[in-house]
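Note sheet for the following structure.
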Amino acid sequence: KTFAIFRTDSINHLVSLVSMLGPSPDWIVGVSGLEMCMVNCTWIEDKELLLYPWDVGVDSGVSYESPDLPTKPQEPIRRITVNFPKDSGAPFYREDGSPMPPLAKLIIKKLREYKKSC
């Protein structure tokens, strides 16, 4: 388990985070622009998100043991699925297309609130 403490406010109310999956070629899990302020201008008390792997597009390796193989030109960041990369050596590849379980779970809990509306 890993944890971090952060603050949000009316100006900085979006949360983004990323974690690399080592020793993968260039795989990550994370969230981008997660809104912490609800439509009624209160803060989220808690939230759980299931995280799936993404390929950053800078290394063409398909497994945790792949040698460094820079991708030229670099490719856009893309979600790894049971069909991508389509290679039986890839740890997430499933020929039958069965669902991939999440790789991680992000749990966010409000610890304290300094009374200011968002």
Side-chain angles (χ1 to χ4, degrees):
K1 290 185 176 185
T2 302
F3 76 94
I5 296 175
F6 60 90
R7 289 185 181 190
T8 58
D9 58 38
S10 60
I11 296 170
N12 304 293
H13 51 91
L14 301 176
V15 172
S16 296
L17 63 91
V18 67
S19 181
M20 188 220 176
L21 302 173
S24 72
D26 63 348
W27 305 336
I28 60 170
V29 292
V31 296
S32 177
L34 178 63
E35 180 63 75
M36 301 305 294
C37 182
M38 300 192 313
V39 292
N40 65 357
C41 287
T42 61
W43 298 104
I44 289 176
E45 293 290 327
D46 55 63
K47 188 164 192 79
E48 289 191 10
L49 296 169
L50 300 177
L51 303 179
Y52 295 87
W54 291 78
D55 185 319
V56 177
V58 297
D59 190 303
S60 295
V62 296
S63 78
Y64 290 106
E65 297 175 345
S66 295
D68 284 339
L69 186 59
T71 302
K72 303 264 183 186
Q74 293 179 356
E75 297 177 355
I77 295 173
R78 182 172 172 186
R79 167 94 187 274
I80 295 172
T81 67
V82 296
N83 297 315
F84 172 77
K86 196 168 189 119
D87 186 309
S88 61
F92 307 109
Y93 177 74
R94 295 190 178 165
E95 193 171 319
D96 65 1
S98 59
M100 177 171 49
L103 214 56
K105 183 191 293 188
L106 173 64
I107 301 172
I108 296 176
K109 294 185 182 206
K110 181 171 76 172
L111 300 178
R112 185 181 314 154
E113 182 173 341
Y114 300 94
K115 291 294 181 184
K116 291 183 179 179
S117 63
C118 57

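This one's a predicted model, so the numbers in the text were calculated from it and none came from an experiment.
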Legend entry - I80 vs P85 side-chain heavy atoms within contact, under 4.5 Å: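 They are in side-chain contact.
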Legend entry - Close side-chain approach of S32 to W54, heavy-atom, < 4.5 Å: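 No - every pair of side-chain heavy atoms lies 4.5 Å or more apart.
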Which pair of heavy atoms, one from [X] and one from [Y], lies closest together, and at what distance?
X    : Y   : result
E35  : I44 : O-CD1, 3.1 Å
I107 : E48 : CG1-CG, 3.9 Å
I28  : M20 : CG2-CA, 4.1 Å
D55  : F84 : CB-CE2, 4.2 Å
V62  : P25 : N-CG, 4.3 Å
T8   : M36 : CG2-CG, 3.9 Å

Rounded to the nearest 0.5 Å, how far apart are [atom1] of [X] and [atom2] of [Y]?
X   : Y    : atom1 : atom2 : value
E95 : K86  : CD    : NZ    : 8.0 Å
K47 : L106 : NZ    : CG    : 10.0 Å
F6  : N12  : CZ    : CG    : 11.5 Å
F92 : M100 : CZ    : CE    : 6.5 Å
L17 : T2   : CG    : OG1   : 11.0 Å

Legend entry - Donor-acceptor pair between T81 and N83 side chains, under 3.5 angstrom: no
Hphob cluster co-occupancy, [X] + [Y], side-chain heavy atoms under 4.5 angstrom:
X   : Y   : answer
L50 : V18 : no
L69 : V56 : no
L21 : Y93 : no
L14 : L51 : no

Legend entry - CA sep, side-chain torsions, deciding dist, call: Y52, L103, side chain to side chain contact (heavy atoms under 4.5 Å, CB included): CA-CA 5 Å; Y52 295 87; L103 214 56; 5.9 Å; no
Ignoring hydrogens and angles, tell me if any N or O in the side chain of [X] forms a donor-acceptor pair with the backbone of [Y] under 3.5 Å.
X   : Y   : result
D26 : G57 : yes
S16 : G33 : yes
T71 : S60 : yes

Legend entry - R79 atom CZ, over 12 foreign heavy atoms within 6.0 Å: yes
